[in-house]
Amino acid sequence: MTDQQFDVVIAGGGPVGMALALALTEYEFSVLLLEARKLPENVSDPRPLALSYGSHLLLQRLGVWEKLTQATPITTIHISNRGHFGHAVLTADEAGVPALGYVVNYHALYESMRGLLQARQVNYQTGAQVSSIQTNPSQAQVTYQQDASNKWAQSSLLVLADGGRLAEQVEGIHYHVHDYQQWAVVSNVRVEAPERGAAFERFTLDGPLALLPSGDDYALVWTMPVAKAEAILQLDDQSFLTCLHDHFGDRMGSFIRAGKRSGFPLALKYASAVTSQRTVLIGNAAQTLHPVAGQGFNLGLRDAWELVDEIRHVPAGAAGEPGSARMLAMYNQRRRYDKQAGRLFTDSLVKLFTTDIPLCQTFAGLGLTALDCLPPVKRFVARRMIFGARG
Ligand SMILES: Cc1cc2nc3c(=O)[nH]c(=O)nc-3n(C[C@H](O)[C@H](O)[C@H](O)COP(=O)(O)OP(=O)(O)OC[C@H]3O[C@@H](n4cnc5c(N)ncnc54)[C@H](O)[C@@H]3O)c2cc1C
């Protein structure tokens with residue numbers, strides 16, 4: 001065995017790839033994590049992440065949680081449909097958890113995980129861009145560029161956690177893509193009368209608008225058609241705040257301060273298969289979802305967690321080693337339902353609430369009313385948003 005031979009190679013050190021590498025440190029596997037970005041560098045990704053209570057528990061187990069300097073609990077979620085009837089309130093008490101979730105910043109999560117990987121001496125190569133992958137029945141091989149030279153590594157299992165570019169090289173895998181023709185405008189905003197622990201998901205015909213408690217401020221994820229987003233991103237602070245107030249309403253008084261604004265194009269993208277010979281796709285490489293209801297990273301983290309569970313439970317012998325056909329089939333089977341449910345849930349929400357057909361809006365309003373009035377339905381939905389499709 002050479003230094004370039006591993007049990008597991010992970011291509012892509014975003015939050016999901018890093019979580020996988022951290023989880024694997026608990027076991028006796030040799031792991032190589034390859035991240036294209038040169039670090040340390042300011043990975044100043046401004047997007048907020050609403051982590052479910054289930055993700056909070058997983059990050060606690062990984063030792064990441066205690067490294068996060070700011071995580072704001074969400075104890076209530078108000079869901080409404082602008083200009084239409086129907087409103088629902090989900091609370092942590094009713095779901096039987098201390099908080100429905102926590103809001104953290106992508107960058108802060110990234111930094112906490114990176115620090116922990118280094119502290120645990122994980123073989124974590126940065127500035128390492130994977131360019132090609134090849135597999136045969138017993139091995140996967142990646143070629144990557146680092147410091148202007150070509151390098152390679154072999155493994156029993158190759159995990160693609162790169163957000164979804166490398167899988168195009170994998171035979172038998174292609175992506176289904178639906179461009180929502182929307183962008184998410186992201187910013188930090190301050191309101192006149194904040195409600196502690198309250199998050200708001202307001203559906204509008206343009207797309208959903210989320211306000212998530214973040215310290216003393218709110219993290220805004222405001223989705224809208226592309227042309228409108230381009231125009232809104234050009235506005236000065238005051239015009240932006242007025243526009244936001246017109247759109248969200250007076251529930252928390254005026255919007256009094258806005259941070260830098262950024263735009264993210266939105267598409268649903270999912271792989272036709274998440275496993276192939278010696279290869280598995282996790283996180284955004286397997287499915288990139290609309291940010292409505294904050295499901296993407298939570299789902300990706302469960303991908304990583306359950307993959308480790310499959311890897312560590314494989315029986316001894318070649319038939320059961322990491323990346324064997326049997327192990328991959330077990331993983332596939334185990335994750336199928338949660339992935340499909342996450343995809344269907346987010347996609348249906350976006351399509352239902354942005355359709356300007358009276359029958360659809362009536363149906364949406366009735367759904368929200370039923371959610372609010374029927375405690376078992378509320379608990380069912382809340383627990384699935386928190387813990388995934390198995391609730
Ligand atoms: C506006 C917005 C708001 C969101 N809000 C939420 C939320 O509230 N809750 C939630 O759960 N999710 C949310 N999401 C989704 C969440 O951001 C993603 O699901 C999550 O970032 C996926 O992590 P990942 O590690 O799979 O992929 P990524 O974050 O895309 O990371 C991929 C990594 O792979 C590296 N890479 C790429 N190519 C290569 C290569 N060839 N070789 C080596 N490395 C490579 C990249 O540099 C990167 O570090 C949101 C998304 C958006 C856009």
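Every number for a ligand or one of its atoms is a count from 1 in the order of the listing. Numbers here are sequence positions counted from 1.
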### Query
Hey, is ligand 1 close enough to L212 that some N/O pair sits below 3.5 Å?
no
### Task
Consider every N or O of I282 and every N or O of ligand 1, then say whether any pair is closer than 3.5 Å.
no
### Message
Please determine whether any non-hydrogen atom of G164 lies less than 4.0 Å from an atom of ligand 1.
### Response
no
### Query
Got a sec: does the CZ of R120 have more than 12 other heavy atoms crowding it under 6.0 Å?
yes
### Query
Heavy-atom distance to atom 39 (C) of ligand 1: which of D162, L34, V221 wins?
D162
### Query
When you measure from atom 14 (N) of ligand 1 to each heavy atom in D45, I133, V292, L49, which option holds the nearest one?
L49
### Query
At a 4.0 Å cut-off, with the gap strictly under it, does some heavy atom of P48 reach an atom of ligand 1?
yes
#### Entry: Geometric N/O contact L166 with ligand 1, under 3.5 angstrom
no
### Distance filter under 4.0 Å to R165 heavy atoms, resulting ligand 1 atoms
37 (C), 38 (N)
## Note on the structure
Check: of W222, F297, Y144, Y106, min heavy-atom distance to atom 21 (O) of ligand 1 comes from Y106
### Query
Would one find an N or O of V16, backbone or side chain, under 3.5 Å from an N or O of ligand 1?
yes
#### Entry: Cationic tip of K151 above Y144 ring, under 6.0 Å, 45° of axis
no
#### Entry: Sole residue of K260, R257, R261 in salt bridge (Lys or Arg N to Asp or Glu O under 4.0 Å) with D237
R261
